[in-house]
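Scroll down for the structure; my scribbles are underneath it.
In each ligand, atom 1 is the first atom listed, and ligand 1 is the first ligand listed.
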Amino acid sequence: MVVLIMGLLGFTIGYLDQPSPYLREVLALEGDRIQGHAIFQMNCAGCHGLEAKGKVGPSLQGVSEHKSKRRLVEQVISGKTPPMPQFQPSPQVMADLLSYLESL
Ligand code: HEC
């Protein structure tokens, strides 16, 4: 039984650690920073400020220095850090946003 549970845990952790098909699609796309900025201003600026300098949410200046592309995508789509909502952007929109976040 214990072995089974350990096995299942190992499997689950291994599975969660795989980049999801969504993430792979996002990373394969060329993001457009200008487009990403516009998307950011519509969806994210209410909390992070028009130029991502922080408001209710933290400033995102230099955020890609402490978060990898993967963790940035997870931050946006996971909804795990309320009050930041869960977003479900299309892979292209996510790629554009990522490109903007990395330019900060
Ligand atoms: C309702 C307010 C709100 C909105 C809207 C929002 N955020 Fe956030 N965001 C937050 C808060 C609060 C945090 C801090 C969460 C924590 O770490 O506990 C955060 C954290 C982040 C972080 C991680 C910052 C770091 O230093 O690690 C990123 C990246 C981010 N947001 C990007 C976005 C993007 C991109 C959007 C738009 C698609 C967005 N946020 C929309 C409130 C918001």
Inset, instruction - Output every pair passing side-chain hydrogen bond (donor to acceptor under 3.5 Å, both in side chains) with a member in residues 77-88, not counting sequence neighbours, ordered by first then second residue. - result: Gln75-Thr81
Inset, instruction - Give the minimum heavy-atom separation between Arg33 and Ser103, together with the two atoms involved. - result: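 Taking every non-hydrogen atom into account, CD-CB, 3.1 Å.
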Legend entry - Pairwise side-chain contact, Val93 with Phe87, heavy-atom cut-off 4.5 Å (strictly under): no
Inset, instruction - Tell me, please, which residues at least two apart from Glu51 pass salt bridge (Lys or Arg N to Asp or Glu O under 4.0 Å). - result: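 Not a single residue meets the salt bridge (Lys or Arg N to Asp or Glu O under 4.0 Å) criterion with Glu51.
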Inset, instruction - Would you list the pairs meeting salt bridge (charged side-chain N to carboxylate O under 4.0 Å, His left out) in which at least one residue belongs to residues 89-104, sequence neighbours left out? - result: Lys69-Glu102
Inset, instruction - Keeping the roles fixed (side chain from His48, backbone from Pro58), state whether a donor-acceptor pair exists under 3.5 Å. - result: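 A pair under 3.5 Å: yes.
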As a test of reading the model: which N/O atoms of the protein lie under 3.5 Å from N/O atoms of ligand 1, and at what distance?
| unit_1 | atom_1 | unit_2 | atom_2 | d |
| --- | --- | --- | --- | --- |
| ligand 1 | 7 (N) | His48 | NE2 | 2.7 |
| ligand 1 | 9 (N) | His48 | NE2 | 2.8 |
| ligand 1 | 26 (O) | His66 | NE2 | 2.9 |
| ligand 1 | 27 (O) | His66 | NE2 | 3.2 |
| ligand 1 | 27 (O) | Lys67 | NZ | 2.5 |
| ligand 1 | 31 (N) | His48 | NE2 | 2.8 |
| ligand 1 | 40 (N) | His48 | NE2 | 2.8 |

